[in-house]
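Down below is the structure, laid out as structure tokens.
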2 protein chains.
Amino acid sequence: MSGYELAKTFDSSIGFFWKADHQQIYRELSKLRDRGHIQGHEVVQSGKPNKLVYTLTSEGRAAFRHWAARPSSPPMIKDDLLVRLCALDSVDIEPLRADLMARLEHHRDRYARYERILKKLFPDGTATSVADTGKLLGLRIGLRHERTVAEWCEEAIETLSAISKPASVLLLEDSRRENNG
Amino acid sequence: MSGYELAKTFDSSIGFFWKADHQQIYRELSKLRDRGHIQGHEVVQSGKPNKLVYTLTSEGRAAFRHWAARPSSPPMIKDDLLVRLCALDSVDIEPLRADLMARLEHHRDRYARYERILKKLFPDGTATSVADTGKLLGLRIGLRHERTVAEWCEEAIETLSAISKPASVLLLEDSRRENNG
DNA sequence: CTGACTTTTTCGCGTTACGGTAAATAACGG
DNA sequence: CCGTTATTTACCGTAACGCGAAAAAGTCAG
């Protein structure tokens with residue numbers, strides 16, 4: 001692909017777990033070219049300026065295999081939310097609750113998107129090729145993750161709601177429960 | 001706290017979702033001091049060199065509240081593993097499988113640690129103060145996350161095992177299943 | 001032909017967050 | 001004096017990225 005094409009298709013492919021604007025992509029392409037991992041070929045176009053289509057070299061493919069074979073450690077989850085929870089008593093609850101509700105929506109949305117992709121690519125839930133197996137596994141952890149975090153968001157929102165209610169409301173609810181139960 | 005104390009206690013507190021060595025901590029402390037968010041007071045010690053204990057200023061506390069009230073977006077999960085799964089057919093399976101097994105152990109370990117902390121801090125599973133509520137919620141998402149990822153690791157390892165087995169083994173297992181079932 | 005717009009690529013500046021190595025203090029014990 | 005611990009600082013570098021712009025090449029409407 002050319003840098004321009006990569007920049008356009010990035011968000012809808014690996015964009016789920018990696019962001020890069022066009023400049024970053026061009027920068028990385030230059031680096032890879034300098035290291036001999038990819039090679040650029042100018043492709044003439046009619047009606048548009050020519051483009052520089054990059055292809056993997058054999059060295060590049062080998063380097064990738066080598067990179068992929070090296071042990072990795074799980075990434076840190078650097079989430080502002082966790083910091084705010086650590087210091088919950090020094091924080092305004094309402095904006096935090098709003099944030100959690102936005103996140104809940106976000107994770108539900110992502111879950112739905114992954115489910116749609118899953119049903120489209122793997123209608124019967126199984127992969128046939130090796131490449132598909134990898135994508136299926138990626139989808140599965142995505143689905144699991146979004147579901148988990150969404151569930152936690154619901155729990156957290158409920159918990160925070162209880163905090164932000166004044167004691168009088170809690171008393172009211174208590175007496176109601178007594179009357180009804 | 002002083003920078004030295006922070007560096008010592010960092011790993012066992014926020015260290016679960018943030019890493020920082022002593023230099024990084026000193027650097028950040030300097031920045032915060034320059035911005036007036038914290039103030040350093042020299043504390044004389046006997047038997048040791050004096051230390052610079054930093055305390056939050058009222059501006060610092062206000063800045064934190066302000067920061068904590070601003071909407072945040074969920075962090076990206078930049079995980080090498082996902083890249084390798086995306087290109088599973090260009091990757092050696094065995095080291096990947098080994099990596100997954102290491103991860104499985106890591107996440108099980110973390111799960112156990114969180115569980116131990118939970119039982120120690122919240123024996124009955126409920127928090128009394130607002131500060132505790134935040135920590136409990138943090139523990140809960142940690143537990144959920146580790147369990148989810150560990151389960152996924154098991155699934156992925158099994159899936160990859162099926163791939164790396166030659167077809168003859170699969171045939172053998174098929175015929176065994178037929179004879180036994 | 002000019003001006004606006006798309007496609008494709010590049011440049012130059014800055015920042016944040018880090019890692020590495022070491023050194024400067026200060027106090028202690030032997 | 002030397003080695004060790006505690007405490008802080010200095011200096012060097014890097015990877016990854018954002019910002020804002022602009023160059024170059026082509027299209028099309030007015």
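Predicted model only: the values in this text are computed from it and were never measured. Worth knowing before you read on, the calculation uses all heavy atoms, side chains too, and leaves out hydrogens, waters and symmetry mates. Letters A, B, ... are given to chains in the order of the sequence lines, protein chains preceding strands, and every chain is numbered from 1.
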> Can you check whether A:Leu32's main-chain N or O pairs, donor with acceptor, with A:Arg35's side chain at less than 3.5 Å?
Replying inline: no
>> Tell me the interatomic distance from B:Lys8, atom NZ, to D:dT5, atom C1', rounded to whole angstroms.
In response: 10 Å
> Checking all strands, does A:Ser2 fall into the base, sugar-phosphate, or nothing category for heavy-atom contacts under 4.0 angstrom?
Replying inline: sugar-phosphate
>> I need a per-nucleotide contact map over nucleotides 20-30 of chain D, read 5' to 3'. Cutoff is protein heavy atoms under 4.0 Å; write B for the base, S for backbone only, - otherwise.
In response: BB---BSS---
> Closest nucleotide of DNA chain C for A:Lys78 versus for A:Leu52: which of these residues is on the 5' side?
Replying inline: A:Leu52
> Just checking, is any N or O donor in the side chain of A:Ser72 or B:Arg84 under 3.5 Å from an acceptor N or O on the other one?
Replying inline: yes
> In Å and rounded to the nearest 0.5 Å, what is the CH2 to CG distance from A:Trp152 to A:Leu104?
Replying inline: 10.5 Å
> Reading DNA chain C 5' to 3', which nucleotide is the first, and which the last, to come under 4.0 Å of any heavy atom in chain B?
Replying inline: C:dA17 to C:dC28
>> Output the rounded distance in Å from CZ (B:Arg27) to C1' (D:dC11).
In response: 11 Å
>> Taking side chain to side chain contact (heavy atoms under 4.5 Å, CB included) as the definition, give me every residue that meets it alongside B:Ser30, ordered by chain and number, with sequence neighbours left out.
In response: B:Arg33
>> Between B:Tyr4 and D:dT8, is there a contact of a side-chain N or O with OP1 or OP2 at under 4.0 Å?
In response: no
> With no hydrogens and no angle check, is any side-chain donor or acceptor of A:Asp92 less than 3.5 Å from a backbone partner on A:Glu94?
Replying inline: no
> Can you list the residues that meet the side-chain hydrogen bond (donor to acceptor under 3.5 Å, both in side chains) rule with B:Thr126, with sequence neighbours excluded?
Replying inline: B:Asp124
>> Rounded to whole Å, how long is the line connecting atom CD1 of B:Ile25 with atom P of D:dA10?
In response: 17 Å
> Hey, are A:Arg103 and A:Asp109 close enough for a salt bridge, meaning a charged N less than 4.0 Å from a carboxylate O?
Replying inline: no
>> Within this structure, what is the CE-CD1 distance for the pair B:Met1 and B:Ile25, rounded to the nearest 0.5 Å?
In response: 10.0 Å
> Nearest-Å distance, CD (B:Gln24) to P (D:dT8)?
Replying inline: 16 Å
> Is a donor on one side and an acceptor on the other found under 3.5 Å between the side chain of B:Thr57 and the backbone of B:His37?
Replying inline: yes
> Roughly, in whole Å, what's the span from CG in B:Asp21 to C1' in D:dT8?
Replying inline: 14 Å
>> Please report the interatomic distance CZ(A:Arg144) to OH(A:Tyr111), rounded to the nearest 0.5 Å.
In response: 10.0 Å
> In whole angstrom, what separates A:Tyr26's OH from D:dC19's P?
Replying inline: 18 Å
>> Can you give me the bend angle of the helix from C:dC1-D:dG30 to C:dG30-D:dC1? Use the axis through the first five pairs and the one through the last five, nearest 10 degrees.
In response: 20°
>> Side-chain N or O of B:Lys51 versus OP1/OP2 of D:dT9: is the shortest distance under 4.0 Å?
In response: no
>> Using the side chain to side chain contact (heavy atoms under 4.5 Å, CB included) criterion, which residues pair with A:Gln24? Sequence neighbours excluded.
In response: A:Ala20, A:Asp21, A:Arg27, A:Glu28
